[in-house]
Structures are given as C-alpha cells and as structure tokens.
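Heads up, the thing below is written out as structure tokens.
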2 protein chains.
Amino acid sequence: MALGKNYEGQNCSLARALELVGERWTLLIVRDAFYGVRRYGDFLVHLDIPRAVLADRLASLVEVGILQRRRYQDSPPRDEYLLTDRGVELWSVIYPLWSWSERHYGAGEPFRTFRHATCGTELDPASRCPTCGVDVSPRDVEAHTGPGVPAQPRQDPVSVALRERPHRLLQPLL
Amino acid sequence: MALGKNYEGQNCSLARALELVGERWTLLIVRDAFYGVRRYGDFLVHLDIPRAVLADRLASLVEVGILQRRRYQDSPPRDEYLLTDRGVELWSVIYPLWSWSERHYGAGEPFRTFRHATCGTELDPASRCPTCGVDVSPRDVEAHTGPGVPAQPRQDPVSVALRERPHRLLQPLL
DNA sequence: CCCAGTCAGTTCGTTCAACGAACCAACCGC
DNA sequence: GCGGTTGGTTCGTTGAACGAACTGACTGGG
C-alpha cells in the first residue's frame with residue numbers, strides 16, 4: 001500500500017526525488033531558503049504554513065541532506081536552516097519550474113525577476129545569462145522585484161524585505 | 001484557508017506551478033507521458049495508482065493544458081492522452097529533478113539512462129550532449145535501460161517495453 | 001441471445017496527511 | 001512576577017488519497 005509520499009513500487013530516481021521533495025509545502029520552503037530565509041519564525045510567517053507541518057518538513061529536509069541546521073544562539077538554543085550544497089543544486093529544478101509557470105500562467109508582468117548579479121541581465125529560461133553567455137550559478141543570481149504588482153501584496157517581513165531592494169540568492173535576508 | 005493544493009497567499013509563479021503539478025502522482029504521470037504512455041489503462045498498471053486519482057489527475061492535466069485528449073476509437077469512445085507543447089517543456093523540470101536524485105540518492109548504477117538519440121551520448125545534468133555540445137530537446141532523447149538492476153523489476157507492460165529496447169521519448173510506447 | 005472479457009471510468013467507506021487552535025518550555029527584559 | 005518572543009508539540013477536525021466494488025458500453029464467441 002502506497003502511503004502519503006511513498007512511491008516504493010517505482011524503480012525510478014524521479015519517484016525517489018518526489019518522496020523527498022514532493023510533499024505539500026516542501027519546495028516552497030526550499031524556495032524561501034534560496035531567498036535567504038533561515039529561521040523557523042520567518043518561514044512560518046512568509047509561508048502561512050501550519051507550525052507542525054513546517055517543523056516536520058524542516059526536520060525531513062535536514063535528514064535527507066537538503067538543509068543543514070546551524071546554532072545561532074545558545075541561550076535558549078536556537079537553530080537556523082541553510083541549504084547544503086546538495087540543496088543548492090535544486091536550483092536546477094526550482095528555477096525552470098518557476099520559469100515554465102511564469103511563461104505559461106503568469107498574469108501580465110512578473111512580480112519577480114532573477115538576474116545575473118554580475119551584469120544585471122535577466123536570466124533566460126535555461127538559467128543562462130543571454131549577455132554573458134554563461135550558465136549562472138544561484139550564488140550569482142539576484143532576485144529583483146518585477147514590473148508586475150500583486151493584487152494583494154504580502155506584508156510579512158520576508159515579502160517586505162524582498163520588495164525593498166534586490167537581493168542576492170542564498171545570502172541572509174533578515 | 002489553504003486547502004490541498006492551494007497556495008493562494010503566495011504571489012509567486014513557483015507556487016502556481018505547484019498548484020498545477022504538485023499533487024501526489026502528477027509528475028509521475030507526466031514522466032510516463034514522456035515515455036510515450038498514452039492510455040488510461042497503461043498509466044494505471046505502470047503507476048499502481050488508484051483509479052479515481054488517475055482520472056482526476058488526467059482531467060486536471062488536460063484542463064491546464066499540459067496534456068491533450070485525442071480520440072483513438074469511436075466505438076466505444078476511447079481517448080488517449082498526449083503531452084502538449086507546454087507539457088513537453090516540463091522536461092526542463094523533470095530531467096534535472098531525476099538527475100539530481102540519481103546523483104545524490106541513486107543506489108549504485110542507474111536503472112535508466114537518457115541519451116542524445118542522434119549520437120548516443122548520455123546527457124549531462126543540464127540535459128546537454130557532452131559530445132555534440134548542444135542542448136538536447138526531449139524529442140531527441142532516447143531512454144535506455146541502465147547498468148543497474150532493481151531488486152524487484154516491474155512486470156507491467158510499460159516496464160517490460162521500456163526494458164526491451166531503447167525508446168525515444170514522446171513516441172508511443174505500446 | 002447470453003455470457004465473459006475489456007476498457008475507462010465512478011462511487012463509497014476507510015485511512016492518513018494537512019489543518020487550525022491551543023498549549024508548552026525556556027528564555028529575556030521590565 | 002508578568003508579558004513577550006521563539007521554536008516548537010499536541011489534539012481534534014477536515015480533506016485528500018486509498019482500496020474495493022460497481023457501472024456502462026462495447027466486442028467476440030458459443
């Protein structure tokens with residue numbers, strides 16, 4: 001019997017990947033980690049996610065080596081969550097999925113753009129810089145506010161910070 | 001209140017994409033469509049998925065323009081499901097996700113490899129042909145049986161057909 | 001004509017994941 | 001001591017996925 005996230009009858013690495021990152025909310029947590037969100041409370045208010053689900057997903061992402069925990073305070077003990085190198089490689093999935101959706105389902109102008117930090121050019125759908133002609137690593141990507149404006153802009157600290165100024169991926173946001 | 005697949009508080013194309021393809025089983029159905037699976041019954045036996053879930057997912061994928069229905073028989077009326085051009089673009093998500101998982105979680109040799117059909121070279125993680133130096137479209141990709149052997153090889157018609165001989169993506173399998 | 005088999009679903013009761021609300025412990029500062 | 005903050009945990013409710021059974025419309029064979 002296949003439960004919740006289990007695809008055990010499938011001899012396939014795609015199925016295995018979906019067991020790891022296919023649960024509800026998981027890839028959005030990873031997205032936020034790319035934005036530089038690191039703390040439980042910040043993920044919580046940006047995602048509007050049930051607390052127990054967030055705790056469960058963060059623990060799972062740490063367990064499978066996509067996120068790592070890092071102590072940022074000893075009294076009381078407080079950890080933050082950062083992408084591992086393995087986690088950073090998920091940009092190759094997250095960016096094309098965003099791009100595909102933006103191209104086909106975007107309503108008007110994008111709310112956000114991703115640019116080559118070195119030269120400022122918007123990435124192409126294959127996450128290359130059309131100006132420099134190079135594959136752009138997420139560490140060299142800057143998230144910018146796009147020309148589109150959402151009907152209901154979010155007011156949580158993460159959304160506000162992302163709107164205020166361009167932000168290099170993987171750098172702490174708050 | 002966020003329900004099942006809804007991320008309506010997120011002003012983000014990634015979240016929108018996950019509303020469309022993030023439900024359990026959906027990306028595996030799309031994967032099978034790339035293999036050339038087209039009929040309800042073939043998806044059913046290859047995925048071991050509940051019938052109602054398959055019907056629901058196929059209907060949703062048609063509704064959002066990832067799959068299209070095509071009549072293959074009038075009496076009784078019988079439809080098959082093919083990827084649209086928009087659906088075919090999801091290769092840019094599916095292949096990197098498979099590749100990421102294979103690299104980090106694969107147990108030994110891969111059960112499957114994806115090769116540039118024109119020259120036979122295995123694709124690199126960015127779905128390029130290292131020999132020809134070109135980006136390889138899924139229409140020019142051949143799925144091969146890999147050197148690894150699953151502990152419990154599947155015996156459904158789709159799995160058998162995929163094992164028998166290399167198969168060009170998007171071509172009918174059965 | 002009847003029956004069995006096949007196909008692509010639909011229905012229904014059960015189980016499990018996600019949900020929202022409440023609570024908890026361990027701090028810190030006033 | 002109290003209130004606020006943080007990062008959770010617990011618990012009853014709700015909705016999605018599940019497995020089993022059923023359905024209608026054929027086809028082919030006896």
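This one's a predicted model, so the numbers in the text were calculated from it and none came from an experiment. Every chain is numbered from 1, with letters handed out A, B, ... down the list of sequences.
One atom, CG of A/Leu44, and another, P of D/dG7, lie 9 Å apart when rounded to the nearest Å. Rounded to whole angstrom, the span from the CG atom of A/Asp48 across to the P atom of C/dC19 amounts to 11 Å. Rounded to an integer number of Å, the gap from B/Asp56 CG to D/dA16 C1' is 10 Å. The CZ-C1' distance, from B/Arg24 to C/dA18, rounds to 14 Å in whole Å. Separating the CD1 atom of B/Ile49 from the P atom of D/dA17 is a distance of 9 Å, rounded to the nearest angstrom. If you take CG of B/Leu47 and C1' of D/dG19, they are 16 Å apart, rounded to a whole angstrom. Atom CG of B/Asn6 and atom C1' of D/dT14 are 15 Å apart (whole Å). When the C1' atom of C/dT6 is taken as reference, atom CG of B/Asp42 falls 13 Å away, rounded to whole Å.
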Using a 3.5 Å cut-off and no angle test, enumerate the donor-acceptor pairs between side-chain atoms of residues 146-158 of chain A and protein atoms at least two apart in sequence or in another chain.
{"unit_1": "A/Arg154", "atom_1": "NE", "unit_2": "A/Asp156", "atom_2": "OD1", "d": "2.7"}
{"unit_1": "A/Arg154", "atom_1": "NH1", "unit_2": "B/Gly9", "atom_2": "O", "d": "3.0"}
{"unit_1": "A/Arg154", "atom_1": "NH2", "unit_2": "A/Val45", "atom_2": "O", "d": "3.0"}
{"unit_1": "A/Arg154", "atom_1": "NH2", "unit_2": "A/His46", "atom_2": "O", "d": "3.3"}
{"unit_1": "A/Arg154", "atom_1": "NH2", "unit_2": "A/Asp48", "atom_2": "OD2", "d": "3.4"}
{"unit_1": "A/Arg154", "atom_1": "NH2", "unit_2": "A/Asp156", "atom_2": "OD1", "d": "3.4"}
{"unit_1": "A/Gln155", "atom_1": "OE1", "unit_2": "A/Arg163", "atom_2": "NH2", "d": "3.3"}
{"unit_1": "A/Gln155", "atom_1": "NE2", "unit_2": "A/Pro153", "atom_2": "O", "d": "3.4"}
{"unit_1": "A/Asp156", "atom_1": "OD1", "unit_2": "A/Ser159", "atom_2": "OG", "d": "2.8"}
{"unit_1": "A/Asp156", "atom_1": "OD2", "unit_2": "A/Val158", "atom_2": "N", "d": "3.1"}
{"unit_1": "A/Asp156", "atom_1": "OD2", "unit_2": "A/Ser159", "atom_2": "N", "d": "3.0"}
{"unit_1": "A/Asp156", "atom_1": "OD2", "unit_2": "A/Ser159", "atom_2": "OG", "d": "3.4"}

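Residues of residues 70-82 of chain A that place a heavy atom closer than 4.0 Å to DNA chain D, in numerical order, are A/Tyr72, A/Arg78, A/Tyr81. Less than 4.0 Å separates DNA chain C from at least one heavy atom of each of the following residues of residues 27-41 of chain B: B/Tyr40, B/Gly41.
Here the side chain of A/Pro50 is nearest to one of D/dA17, C/dG20, D/dG8, namely C/dG20. Taking the side chain of B/Ala52 as heavy atoms from C-beta on, and the options D/dG8, C/dT11, C/dA18, the nearest nucleotide is C/dT11.
To the nearest 0.5 Å, atoms OH (A/Tyr7) and CZ (B/Arg24) are separated by 4.5 Å.
Listed by chain and number, the residues in a salt bridge (Lys or Arg N to Asp or Glu O under 4.0 Å) with A/Arg70 are A/Glu80 (sequence neighbours excluded). Residues satisfying the salt bridge (Lys or Arg N to Asp or Glu O under 4.0 Å) criterion with B/Arg168, sequence neighbours excluded, are B/Asp140. With sequence neighbours left out, the side chain to side chain donor-acceptor pair (under 3.5 Å) criterion links A/Arg128 to A/Asp135, B/Asp135. Every residue two or more places apart in sequence or in another chain that forms a side chain to side chain contact (heavy atoms under 4.5 Å, CB included) with B/Ser137 is listed here: B/Arg139. Checked against side chain to side chain contact (heavy atoms under 4.5 Å, CB included), A/Pro172 has the following partners two or more places apart in sequence or in another chain: A/Arg38. Judged as a salt bridge (Lys or Arg N to Asp or Glu O under 4.0 Å), and not counting sequence neighbours, the contacts of B/Glu122 are B/Arg115.
Within the 3.5 Å criterion, the main-chain N or O of B/Arg16 finds no donor-acceptor partner in the side chain of B/Ser13.
Sorted by first and then second residue, the salt bridge (charged side-chain N to carboxylate O under 4.0 Å, His left out) pairs with a member in residues 86-102 of chain A read A/Glu89-B/Arg103; sequence neighbours excluded. Sorted by first then second residue, the ring-ring contact (aromatic ring centres under 6.0 Å, His included) pairs that include residues 65-91 of chain B, not counting sequence neighbours, are B/Phe34-B/Trp91, B/Trp91-B/Tyr95, B/Trp91-B/Phe114.
Put simply, B/Leu82 and B/Ile94 are part of two different groups of oily side chains (I, L, V, M, F, W, Y) that touch within less than 4.5 Å, one to the next.
Put simply, A/Arg57 has a side-chain N or O that comes within less than 4.0 Å of OP1 or OP2 on C/dA18. The side chain of A/Trp25 places an N or O atom within less than 4.0 Å of a non-bridging phosphate oxygen (OP1 or OP2) of C/dC19.
For A/Val53 and B/Ala55, each mapped to the nucleotide of DNA chain C holding its nearest heavy atom, the one lying further toward the 5' end belongs to B/Ala55.
Between its opening and closing five pairs, the helix from C/dC1-D/dG30 to C/dC30-D/dG1 changes axis direction by 10°, a value rounded to 10 degrees.
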